[in-house]
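Naming convention: chains lettered A, B, ... in sequence-line order (proteins, then strands); numbering from 1 in each chain. In what follows, every heavy atom counts, from backbone to side chain, and hydrogens, waters and symmetry copies are set aside.
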Amino acid sequence: MKSLLSLRVNGRQRDDAVSGNLLLVDYLREVVGLTGTKIGCDGGECGLCTVLVDGKAQHACLTLAGSCDGASVETIESLSDGGRLNAIQRGFHEKLGAQCGFCTPGMVMAAEGLLRTNPDPDEATIRTEMASNICRCTGYVKIIEAVRFAADELKSETEAA
Amino acid sequence: MDGNGMPPAPITSIGEPLPMVDGPEKIAGKALYTSDFYDPSALAGAIKRSTVAHARIVSVDTSAAEALPGVHAVITGSETDEGHGVLPISRTELPIAHDKVRYKGEPVAAVAADSIEIAIKACDLIVVEYEELPAYYTAEDALAKDAVDLHDHREGNIERHVEFEIGDVDGGFADADLVHETEYHCAEVCQVQTEPHAAYVEYDGERDELTVRASTQVPYYVHLMLSKILKMPKSKIRVIKPYVGGGFGCRTEALNVEMITAMLARRAKGTVRTVVSREDTFITHRGRQEQTIKIQMGMTKDGRITAVDCKTIQRGGAHSGYGIVTILYAGSMLFAIYDLHNVRYDGKRVLTNTPPCGAFRGHGTVNTRHAFENAMDEMSKKLGLDPFAVRRVNLIPELGFTASDQWINSYGLPECLDIVEKASGWKERIGKLPPGRGLGLGCSHYISGASKPVNWTGEPHATVNLKLDFDGTVVILTGASEIGQGSNTILVQCVAEVLGIDPSRVKVVDADSRVTPKDNGSYSSRVTYMVGNAAIEAANNLKGMLVEAAARKLEVSPEDVECLGEVYRAGTQDEGMTFEEVVMAALEGTGTITAKGNFDTLPESWGGKKYRGAAIGGTMAFSYAAQVVEVTVDPDTADITVDKVWVAHDCGKALNPLTVEGQIQGSVWMGMGQALTEETSYHDGLLISGNMLDYRVPTFVDSPPIEAHIVESNDPHGPFGAKEAGEASLAGFLPALTSAVANAMGVRVHELPVTPDRLLQLLEDKERKMRSAAE
Ligand code: FES
Ligand code: FES
């Protein structure tokens with residue numbers, strides 16, 4: 001049985017007929033065609049599928065697509081503005097927060113979710129708030145630097161404004 | 001002169017902390033990994049796996065599966081009788097088990113269907129009849145006298161027994177002031193790269209050709225094995241490596257997922273996409289083997305090692321894989337870090353009914369290094385010596401050949417020791433920290449590519465092509481596999497440096513067998529060293545052509561042309577020609593330019609002949625690392641917190657300090673996982689840790705700050721002096737951790753991982769002993 005799902009994905013309105021057991025991550029990747037969001041585990045272990053649902057970081061592999069009716073979903077593809085990386089993404093680039101890059105979309109979205117609620121997190125906060133995202137390449141050291149870089153950039157941007 | 005009145009100069013790329021050239025794609029979510037390929041016509045592939053650990057396959061009934069609507073192909077072990085494997089002498093693993101299964105989870109059939117749900121349902125409908133055989137989950141059981149053989153060609157379940165003695169070991173022990181024996185046990189660990197295995201294969205029925213995309217570190221080996229398994233000419237197969245989400249050695253051989261997907265695509269006459277679950281990625285395995293290491297070491301009272309006797313047994317799993325190479329490395333890599341002359345080694349690689357092991361980062365060296373460094377630490381305590389002093393008195397006094405004939409051309413270990421001793425405040429703090437806190441030291445080393453490839457064909461080790469055309473873009477065509485370690489960035493830097501041009505002018509086209517030169521792949525830390533050298537040669541050849549073209553236009557001889565990267569000129573007063581103008585001049589009469597560069601290893605580096613297999617361990621350059629780990633142990637729970645790690649890695653010239661640091665930190669952290677939490681576990685051969693929570697991958701909160709220092713003992717043969725940067729720092733963490741815990745708590749855990757239960761047990765034993773001694 002399929003039902004109609006109406007939501008916003010990366011700012012654009014969509015209406016799709018989806019079955020009740022369709023996961024948000026499969027909806028995004030297979031129905032919408034946004035393959036930036038990754039799958040790294042069999043459910044809830046790795047955080048690679050992290051997207052923002054109504055501004056909050058959430059595991060898309062533990063979310064039913066149908067539960068997002070009326071919601072606004074943001075994925076990694078929405079962050080760069082006209083192709084230019086946003087502050088968090090620039091942090092990941094400049095500071096080498098991404099090596100293989102497979103954890104990166106989820107990591108960046110988790111950081112995005114964090115900085116929206118706490119624009120100036122210290123290292124300990126970054127560690128606890130992002131603890132459900134696994135990276136196997138970096139030892140997390142440079143990811144923390146990347147998030148701090150973004151926080152500092154955002155701070156100087158607001159100060160300049 | 002440019003606008004600032006500065007004379008033009010070649011642009012420097014080497015030594016610059018350049019962000020990765022493919023960073024923006026990955027960070028913007030645009031990079032396509034194998035599982036990101038979808039096509040409406042693609043069928044879903046699924047693998048049916050054995051539920052028994054060791055059995056003869058009596059029959060496989062696929063009729064119900066084939067009758068299921070939506071099923072397009074069902075294949076079993078009868079699909080191919082050709083085996084695959086790493087070494088030409090041990091290609092006996094079948095992509096789908098045929099007569100026999102040898103571990104729980106081994107593929108026994110596969111299905112391609114309209115959807116993954118149908119494919120899985122069809123797998124469930126396949127009925128396999130087994131006649132069970134005794135199964136062995138430990139090396140000890142598999143070695144028992146009456147054990148049945150897993151493989152006909154491996155009697156007694158010994159994949160390889162390596163024995164050698166170099167020097168006079170008994171004499172060395174006789175010269176020692178202290179002879180000490182110790183034993184360590186390391187649990188099996190798995191790479192757990194974040195991208196699960198995947199393959200996407202298109203079959204072209206018109207031409208009988210295959211296009212294969214796979215999450216692999218070795219597209220060339222995949223190509224060879226596909227041709228063998230499918231009995232298809234290599235020319236009818238195209239292998240493309242998309243972005244790859246890490247490897248760490250689990251993809252350094254062709255895996256069953258690629259071969260099965262290709263067989264399914266050919267049988268279904270279409271496109272098949274297989275994405276393996278995390279659990280099945282664990283089962284595909286190729287991780288680091290469970291291993292026991294016994295080390296006997298002799299030392300003089302000033303800490304000099306007089307002799308070493310190392311006996312080790314590895315549980316290799318059900319198939320050969322890299323097994324022979326692994327057990328050989330475990331012996332040969334006892335050398336080339338300290339000045340050793342008398343060494344006896346006895347290593348057994350054993351076949352068991354568990355998933356096959358492979359070439360995990362630090363291949364072959366990590367577990368033996370763990371035992372060796374711990375032995376040194378234990379003995380330094382007994383002799384009342386500082387662990388740094390013991391390392392220093394054993395340093396290699398001069399460059400050249402080891403007793404095992406390994407060739408050392410650069411040696412930055414002394415400096416690594418100095419740096420971490422100072423950075424960690426060792427001298428001031430060791431022995432003075434409050435109870436429950438401790439520091440520990442560990443050293444390690446690794447090769448910069450194996451000097452003899454496993455697949456010896458007579459071709460150079462590496463070939464790079466450069467293409468330069470009217471647009472002035474230098475395109476690097478390379479088969480090297482970027483898997484996140486930054487190989488594309490390094491190659492760009494090498495080429496840009498030689499030409500003196502802006503690195504943004506250099507682009508990479510990589511790992512597509514139809515377009516790029518063959519490359520052996522990303523393993524044994526070979527790419528920077530070998531492919532980097534080939535890239536430098538190619539760039540020099542290209543530069544020669546550009547200089548000649550400029551000379552023609554400027555009407556001078558080539559020796560008089562000064563190449564300033566973006567400007568070529570004949571004298572300081574000369575305005576010269578821009579890079580674009582030189583390119584157009586070079587294209588005149590010939591069109592698109594291609595330049596080529598090769599790299600080959602020197603025969604001196606091919607390793608010894610002192611025992612069978614001594615070539616394994618031969619390399620052009622060894623990298624070195626030293627690290628100090630600081631821990632705090634909770635006295636009640638025995639929970640270990642790693643407070644900080646100071647590591648120094650001698651990688652020769654750091655071509656890119658940013659990516660080198662990333663590699664060092666990643667290696668140390670991966671060592672931490674193995675030391676503290678990671679362990680695969682099986683119940684009667686059934687994997688029960690097949691997820692990232694039970695397997696216990698360290699999270700952000702479990703992970704320490706890692707202060708990485710780079711030591712540049714430039715190698716005479718390395719690209720701009722560079723050596724390996726991505727593996728050597730792993731092994732040292734393990735012994736540094738156990739030593740730190742020993743210093744904190746007064747007990748040394750001899751089993752990995754160092755879990756709180758293991759540590760608590762030792763602490764309780766110690767307390768009991770102390771109490772009974774007091775009574
Ligand atoms: S894919 Fe691993 S948590 Fe969602
Ligand atoms: S960058 Fe590879 S898993 Fe994080």
* Hey, mind stepping through A/Ile143 and B/Phe700 against side chain to side chain contact (heavy atoms under 4.5 Å, CB included) and telling me if it holds? -> CA-CA 10 Å; A/Ile143 294 179; B/Phe700 266 102; 3.7 Å; yes

* First locate atom CD1 of A/Ile39, then atom CG of B/Asp36, and finally report the distance between them rounded to the nearest 0.5 Å. =>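 Going from the CD1 atom of A/Ile39 to the CG atom of B/Asp36 covers 9.0 Å.
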
* Could you tell me whether B/Arg696 and A/Glu45 make a salt bridge, using a distance below 4.0 angstrom between a side-chain N and a carboxylate O? =>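 Salt bridge: no.
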
* To do: Indicate yes or no: does B/Glu195 engage A/Lys38 in a salt bridge with an N to O separation below 4.0 Å.
  =>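 Between A/Lys38 and B/Glu195 there is no salt bridge, as every charged N stays at least 4.0 Å from the carboxylate O atoms.
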
Identify the heavy atoms of [X] and [Y] that sit nearest to each other, and give their distance.
X	Y	answer
B/Ser703	A/Gly139	CB-O, 4.2 Å
B/Ile27	A/Ala98	CG1-CB, 4.0 Å
B/Ser35	A/Phe102	OG-CZ, 4.4 Å
A/Cys135	B/Trp669	O-CH2, 3.3 Å
B/Thr699	A/Ala131	CB-O, 3.7 Å
B/Met692	A/Ile134	CE-CG2, 4.2 Å

Find the one option among [options] whose heavy-atom pairs under 4.5 Å with chain A are most numerous.
options	value
B/Thr659, B/Leu18, B/Asp702, B/Val192	B/Val192
B/Glu482, B/Gln191, B/Met672	B/Gln191
B/Gly247, B/Gly23, B/Pro24	B/Pro24
B/Gly29, B/Ala708, B/Pro17	B/Gly29
B/Ile706, B/Val697, B/Asp22	B/Val697

Side chain, backbone, both or neither of [X] within contact of chain A (heavy atoms, under 4.5 Å):
X	value
B/Ala31	backbone
B/Met670	side chain
B/Ile483	backbone
B/Thr281	neither
B/Pro698	both
B/Tyr695	side chain
B/Ile664	neither
B/Ser667	neither
B/Gln485	neither
B/Gln663	both
B/Tyr38	side chain

Could you tell me which of [options] has the largest number of non-hydrogen atom pairs under 4.5 Å with chain B?
options	answer
A/Gly36, A/Pro105, A/Gly44, A/Gly40	A/Gly40
A/Lys95, A/Glu30, A/Glu129	A/Glu30
A/Met130, A/Glu123, A/Met107	A/Met130
A/Asp42, A/Ile76, A/Leu48, A/Ile126	A/Asp42

* Does atom NZ of B/Lys30 have more than 12 heavy-atom neighbours from other groups under 6.0 Å away? ->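 No.
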
* To do: Show your working on side chain to side chain contact (heavy atoms under 4.5 Å, CB included) between A/Thr138 and B/Gln665 and close with a plain yes or no.
  => CA-CA 6 Å; A/Thr138 60; B/Gln665 289 163 342; over 6 Å; no

* Asked: Would a distance-only check, ignoring hydrogens and angles, find a side-chain to backbone donor-acceptor pair under 3.5 Å from A/Arg136 to B/Gly246?
  ->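 No; zero donor-acceptor contacts below 3.5 Å.
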
* Hey, mind stepping through B/Thr194 and A/Cys46 against side chain to side chain contact (heavy atoms under 4.5 Å, CB included) and telling me if it holds? -> CA-CA 8 Å; B/Thr194 50; A/Cys46 72; over 6 Å; no

